[in-house]
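Worksheet for the structure shown next.
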Amino acid sequence: MGTKRRVGFVVPITYIFVVIFFFTKCLAISTTTTLNYTRYRQVSSLRLERIQKHLDKLNKPPLLTIQRVAPEMPKAMKMAKTDALKDKANINSSSVDGFKGVWQMWHQKGQRCPKGTVPIRRSTTHDVLRAKSLYDFGKKQTKYMPPSAAHRRPDAPNVVSGNGHEHAIAYTTASEEVFGAKATINVWNPSIEVVNEFSLSQIWVLSGSFDGSDLNSIEAGWQVSPELYGDSRPRLFTYWTSDSYQATGCYNLLCSGFVQTNSRIAIGAAISPVSAVGGSQYDITILIWKDPKLGNWWMGFGDSTLVGYWPTELFTHLADRATMVEWGGEIVNSRANNEHTSTQMGSGYFAEEGFAKASYFRNLEIVDSDNSLSSAHDISTLAENTNCYNIKSSSNNEWGTHFYYGGPGQNPKCP
């Protein structure tokens with residue numbers, strides 16, 4: 001095998017969860033001072049009261065009834081092993097029980113959650129005040145709008161751009177039914193120019209109308225979002241919507257929706273360590289699939305660790321199946337001072353820089369109607385402005401379908 005990946009072992013979750021208490025002391029939230037994360041301003045007592053009522057709903061320890069039957073894991077694809085990538089010998093991949101490779105910063109202090117509880121990131125008044133409004137807290141900043149025809153192929157996904165959002169993505173083009181997706185995602189710490197911008201790398205599982213109000217989307221990956229988290233660290237995140245990002249859905253656990261079942265992985269917690277240019281590379285593996293038993297959409301982390309699920313009742317089109325998968329990066333370009341943002345995507349390097357410089361997605365797979373994983377062969381790529389961020393895909397025996405992507409944002413060719 002060409003790459004000497006340090007892979008720890010994981011224990012598949014076969015035990016039954018009955019009740020979860022939200023544990024209030026699992027995470028210690030800290031911030032950095034490179035950006036002015038909180039815009040201090042006069043806040044009325046009435047608004048503070050409303051914010052506190054909302055936080056009480058999020059932070060209090062409720063009892064939840066969750067799926068009591070372990071989901072059926074997708075059947076793994078057999079990968080051929082070659083020596084094609086001997087130069088990529090410094091990759092560290094996500095693990096759970098062994099705590100090898102990529103993990104979360106709150107574990108560094110030896111913190112654990114008691115049996116029967118799950119870790120959550122506590123929301124604060126300052127978190128809410130960084131948002132545009134209480135209603136906008138925990139939601140994507142703008143509804144997606146179709147990109148201009150000049151920037152996309154006729155079969156490209158319509159709902160990938162608009163209102164300052166820019167992407168470099170790969171997406172499925174076949175019309176077959178899709179029941180999940182998987183990828184291993186390189187983790188970096190891209191710089192963010194202003195607080196209300198973000199940079200993320202994720203998987204989208206989609207169904208519904210791209211030009212209407214009924215798009216269903218399930219999303220997971222890592223993101224840097226000073227407005228949402230109050231710092232510039234890459235964090236594991238989830239998102240969902242059933243109405244094109246209008247009223248339903250939210251990030252992480254900031255509304256009813258995603259049901260967490262794992263006591264070792266905190267949604268919204270910082271990931272550490274991260275990749276370094278010319279140095280060690282770290283990546284996480286994320287799997288999203290529809291459980292054929294009960295129909296819920298599950299999220300897996302690493303090799304076979306269950307994180308939680310989105311109940312099928314949340315969705316309309318995804319209650320049946322997905323029709324498209326996207327993998328890749330997204331940033332928000334607020335054009336401060338009438339210039340393109342310098343917020344980085346991925347590592348901040350263009351795709352052609354390759355391994356240990358450009359960020360990558362590798363081993364892109366989809367889940368079929370037989371609950372089996374197979375390599376995502378029929379994919380296309382899209383980047384709205386290749387002078388700012390770009391993407392280059394390829395395929396080989398060890399990394400399967402994969403791509404490099406990203407960029408620095410503002411530069412002489414991207415004013």
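The CH2 atom of W188 sits 12.5 Å away from the OG atom of S199 when rounded to the nearest 0.5 Å. Note that CG of L206 and OG of S217 are 4.5 Å apart. Values are rounded to the nearest 0.5 Å. If you take CD on Q202 and CD on E326, they are separated by 8.5 Å, rounding to the nearest 0.5 Å. Interatomic distance, CD1 of I218 versus CG of L314, reported as 8.0 Å (0.5 Å rounding). Atoms OG and CG, from S242 and D214 in turn, are 9.5 Å apart once rounded to the nearest 0.5 Å. Rounding to the nearest 0.5 angstrom, the gap separating the NE2 atom in H340 from the NZ atom in K413 is 15.0 Å.
Screening N186, T285, N396, D283 for a side-chain hydrogen bond (donor to acceptor under 3.5 Å, both in side chains) involving R362 leaves a single residue, D283.
Contact check for V205 versus V178: no side-chain heavy atoms found under the 4.5 Å cut-off. Looking at heavy atoms from C-beta onward, L294 lies out of side-chain contact with T312 at the 4.5 angstrom threshold. Under the 4.5 Å side-chain criterion, counting only non-hydrogen atoms from C-beta, T386 is not in contact with F350. Residues Q281 and V187 form no side-chain contact, since every pair of their non-hydrogen atoms from C-beta on lies 4.5 Å or further apart. Using a 4.5 Å heavy-atom cutoff, the side chains of N262 and T305 are in contact. Counting only heavy atoms from C-beta outward, the side chains of N189 and V224 approach each other to under 4.5 Å. Side-chain atoms of F258 and I267, non-hydrogen and from C-beta on, do get closer than 4.5 Å to each other. The closest side-chain heavy-atom distance from P415 to Q410 is not below 4.5 Å.
Pairing each heavy atom of L364 with each of H402, the nearest pair is CD1-CA, 4.3 Å. Across T401 and S375, no two heavy atoms sit closer than the pair OG1-OG, 3.3 Å. Here the closest non-hydrogen pair linking I203 and A183 is CD1-N, 3.9 Å. For the residue pair E365 and W327, the shortest heavy atom distance occurs at O-CZ2, 3.6 Å. Shortest non-hydrogen contact noted between N333 and E166 is ND2-OE2, 3.1 Å. The minimum heavy-atom distance between S372 and K75, with the atom names listed, is OG-CE, 3.1 Å.
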Take W310 and M299 through the test side chain to side chain contact (heavy atoms under 4.5 Å, CB included) and record every step on the way to the result.
CA-CA 8 Å; W310 294 267; M299 174 181 170; 3.8 Å; yes
Please determine whether side chain to side chain donor-acceptor pair (under 3.5 Å) holds for the pair N216 and T316, giving the CA-CA distance in whole Å, both sets of side-chain angles, and the decisive distance to 0.1 Å.
CA-CA 7 Å; N216 290 198; T316 53; 3.1 Å; yes
Between L373 and L287, is the side chain to side chain contact (heavy atoms under 4.5 Å, CB included) condition met? List the steps.
CA-CA 10 Å; L373 282 161; L287 166 66; 4.2 Å; yes
Working note: T172 + I366, criterion side chain to side chain contact (heavy atoms under 4.5 Å, CB included); need CA distance, chi angles, decisive distance, verdict.
CA-CA 9 Å; T172 57; I366 59 173; 4.2 Å; yes
CA sep, side-chain torsions, deciding dist, call: W222, V274, side chain to side chain contact (heavy atoms under 4.5 Å, CB included):
CA-CA 11 Å; W222 63 262; V274 298; over 6 Å; no
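A donor-acceptor contact shorter than 3.5 Å is absent between the side chain of K290 and the backbone of S369. In terms of modelled atom types and a separation under 3.5 Å, the side chain of N252 and the main chain of Y239 share no donor-acceptor contact. A donor-acceptor pair under 3.5 Å is formed between the side chain of T341 and the backbone N or O of T343. A donor-acceptor pair under 3.5 Å links the side-chain atoms of W289 to the main chain of E72, judged by distance alone. A donor-acceptor pair under 3.5 Å is absent between the side-chain atoms of N363 and the main chain of T184, judged by distance alone. Side-chain atoms of S347 come within 3.5 Å of backbone atoms of K357 as a donor-acceptor pair (strictly under, hydrogens ignored). A distance-only check finds no donor-acceptor pair linking the side chain of N337 to the backbone of E339 [under 3.5 Å]. Side-chain N or O atoms of W297 include one that pairs as donor or acceptor with a backbone N or O of L318 at under 3.5 Å. Judged purely by atom type and a 3.5 angstrom limit, R235 has no side-chain atom pairing as donor or acceptor with the backbone of Q223. A donor-acceptor pair is defined here as one N or O able to donate and one able to accept, closer than 3.5 Å; no such pair exists between the side chain of S209 and the backbone of L215.
Between the side chains of D243 and T248, at least one donor N or O lies within less than 3.5 Å of an accepting N or O. Looking only at atom types and distance, the side chain of E227 has no donor-acceptor partner in the side chain of N196 under 3.5 Å away. Of the N and O atoms on the side chains of S244 and Q246, not one donor lies less than 3.5 Å from an acceptor on the other residue.
Using a 4.0 Å cut-off between a side-chain N of Lys or Arg and a carboxylate O of Asp or Glu, D231 and R233 qualify as a salt bridge.
F403 is linked by a ring-ring contact (aromatic ring centres under 6.0 Å, His included) to F361, Y405, counting only residues two or more places apart in sequence or in another chain. S342 is linked by a side chain to side chain donor-acceptor pair (under 3.5 Å) to E193, counting only residues two or more places apart in sequence or in another chain. Partners of E177 under the salt bridge (Lys or Arg N to Asp or Glu O under 4.0 Å) rule, at least two apart in sequence or in another chain, are R321.
Between Y360 and Y404, the angle of the ring planes goes over 60°, which puts this pair in the perpendicular group of the 30/60° scheme. Taking the six-membered ring for Trp and thresholds of 30 and 60 degrees, W298 and Y309 have ring planes inclined between 30 and 60 degrees apart.
Taking a 6.0 Å sphere around CZ of F179, one finds it holds more than 12 heavy atoms contributed by other residues, nucleotides or ligands.
Aromatic rings from F198 and H165 are positioned such that their centres are separated by under 6.0 Å.
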